[in-house]
A.B. asks: 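My questions will all concern the structure given below.
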Amino acid sequence: MKPIVLVIMDGVGKGDGGSGDAVVTANTPTLDRLFSTCPHTYLKAHGTAVGLPSDEDMGNSEVGHNALGCGQVYSQGAKLVGESIENGALYASATWQDLVANARNKAMHFIGLLSDGNVHSNISHLIALLRQAHKEGVTKAYCHILLDGRDVPATSALEYVSQLEDVLKELNTDGCDYAIASGGGRMQVTMDRYEANWSMVETGWRTHVQALGRQFPSAAAAIETYRAETGCIDQDLPAFVVARNGQPVAKIENGDSVILFNFRGDRAQEISLAFDKKDFDKFDRPGYTGVQFAGMLQYDGDLNIPENYLVQPPVITNTLTEVMVANRIREYAVSETQKYGHVTYFWNGNRSGKVCEELEDYEEIPSDVVPFEQAPAMKSKEITEKLVDAMASGKYQFLRCNYPNGDMVGHTGVMDAVVYAMECVDNGLKAIIEAADKYGYTVLITADHGNADQMTETKKGKTSVRTAHSLNPVPFIIYDTDRNWTIRDGAFGLANVAPTVVKMMGLTAPACWEDSMI
């Protein structure tokens, strides 16, 4: 059995080759050579191919790695929540009923990303919850909004604020107070992930819970003022507090009901811990004795984060790692902090920890806390070195890595930085291919979704920077000097990768999997 290395170039799709395509613009001789000499195809990495509601929904790293790692398509985040709201299961849950009953005597707070990007959240879910809370007798409800500009157009926040304000006005019937209380850009407050920058979460806590921060008469005024002062796009706008007559609209008081309406887990876990964990020690929570808190989903079932949640997450079984363990195949996975959870937790079907301690080795390279456009190489060199060392060891039959550069730098919208990021990934590929020749490996190269391939977008004749994921397909390349593999004709998606790996190894795939591409 020839060992296999799988390289995931995060955020690298097939663009149109134009001036906004950083993948084509970059100098990538290794990738160019692989495309010209190796069997390859392109995989659907968004929409229904990764369990999202429609093909208008862009893919993301979480559902992408779920699909890559389990060989199947599961209903995911937005689709799960939408179904639960539509059929009423969410409102019938004990968690919702407890939150509402508690809020009739206190207040209900909603924290989350205000957009319809369908990657972390959807404003339609927030609106549905607000209306149901009003219907069930909640008189005080406050929204703590995180501005997107990353999964949606870079300066679209005012559109979502206007939409929300219209709904709040509708719900402000006699005796009711429904309002926006605080907010800030998603890359400045609350939505850190993988414990890379706890100060973001602390800023969110101070803003949402304590109402500490610069005050404005409305969310729109905050956005307009900050844009004029800083020139920042939505995701980078500072925190703000909405005030009336010099006093904050609302603080999150002890005993209130609090719902985090994001459905994606990575950027929801830390703020969940801040609300839930009694022995929390990442920052001080003066006077805090607890609230009734729930997430839209349970963001980590093994670690019980959070304890209460509104919608049951997908139960993913028969993953590639389970197949590997059953066949006594040793695995190695490596990335830096920003994507380490993707090649481990999400890859293994939202499972914390390993399937088998004996057969799996994982390595995390700490990410730097620095704006990605300022250090677009990220930890690509270190990831490459660790992977090549693992290849040289001969210990593993299946190895995987994730280069975050195309995605994380792509989200900044800084074209020159994204081009350099792609060149760093290409340098990593060069070293991996050289190691494959030296030590006898097959190398598979793919991605989880697009991003760097579409850095601009044109609407109504106006071209602007694009910071969101693309809807473009992603490459799948087979490099093998010992065998000329043939990729079958067909429309394939990310879930077809695991069956292909298993077939190349001569193993039997579970009956529930998608088909192999070879």
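Heavy atoms only: backbone and side chains are in, while hydrogens, waters and symmetry mates are out. Counting from 1, the numbers follow the sequence of the chain as shown.
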A.B. asks: If the threshold is 4.0 Å, N to carboxylate O, is there a salt bridge linking Lys379 and Glu336?
C.D. replies: no
A.B. asks: Does the pair Asp10/Lys339 count as a salt bridge with the N-to-O cut at 4.0 Å?
C.D. replies: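 Looking at Asp10 and Lys339, the cut-off is met.
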A.B. asks: Given Arg400 and Leu68, is the side chain to side chain contact (heavy atoms under 4.5 Å, CB included) satisfied, shown in steps?
C.D. replies: CA-CA 11 Å; Arg400 60 186 180 269; Leu68 286 167; over 6 Å; no
A.B. asks: So, Asp453 and Lys14, do they make that salt bridge, N to O below 4.0 Å?
C.D. replies: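 Between Lys14 and Asp453 there is no salt bridge, as every charged N stays at least 4.0 Å from the carboxylate O atoms.
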A.B. asks: Determine, for Glu170 against Arg131, whether the closest basic-nitrogen to carboxylate-oxygen distance falls under 4.0 angstrom.
C.D. replies: yes
A.B. asks: Side-chain contact test, heavy atoms from C-beta onward, threshold under 4.5 Å: evaluate it for Pro473 versus Lys44 and give yes or no.
C.D. replies: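 Answer no - side chains too far apart.
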A.B. asks: Do the ring planes of Trp198 and Phe280 sit parallel (below 30°), tilted (30 to 60°) or perpendicular (above 60°)?
C.D. replies: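 Geometry flag for Phe280 against Trp198: perpendicular rings.
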A.B. asks: Within 45 degrees of the axis of the six-membered ring of Tyr362 and under 6.0 Å from its centre: does Lys354 put its NZ or CZ there?
C.D. replies: yes
A.B. asks: So, are Arg227 and Asp234 salt-bridged, with charged N and O less than 4.0 Å apart?
C.D. replies: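 The answer is yes: the pair qualifies as a salt bridge.
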A.B. asks: Between Phe216 and Tyr226, does the ring centroid distance fall short of 6.0 Å?
C.D. replies: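 Yes, the ring of Phe216 comes within the 6.0 Å limit of the ring of Tyr226, centre to centre.
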A.B. asks: Stepwise, does the ring-ring contact (aromatic ring centres under 6.0 Å, His included) test hold for His46 with His469?
C.D. replies: CA-CA 10 Å; His46 74 286; His469 297 168; over 10 Å; no
A.B. asks: Do the side chains of Asp284 and Arg206 get close enough for a salt bridge, i.e. N-O under 4.0 angstrom?
C.D. replies: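 No, this pair does not count.
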A.B. asks: How long is the span from the CG atom in Leu212 to the NZ atom in Lys251, to the nearest 0.5 Å?
C.D. replies: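 It comes to 7.0 Å.
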A.B. asks: Output every pair passing side chain to side chain donor-acceptor pair (under 3.5 Å) with a member in residues 103-114, not counting sequence neighbours, ordered by first then second residue.
C.D. replies: His109-His144, His109-Asp256
A.B. asks: Among His125, Glu62, His120, find the one that has a side-chain contact (heavy atoms from CB on, under 4.5 Å) with Phe263.
C.D. replies: His125
A.B. asks: Between the side chains of Arg150 and Asp236, is the shortest nitrogen-to-carboxylate-oxygen separation below 4.0 Å, so that they form an ion pair?
C.D. replies: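 Here Asp236 does not pair with Arg150 in a salt bridge, since their nearest N and O are not under 4.0 Å apart.
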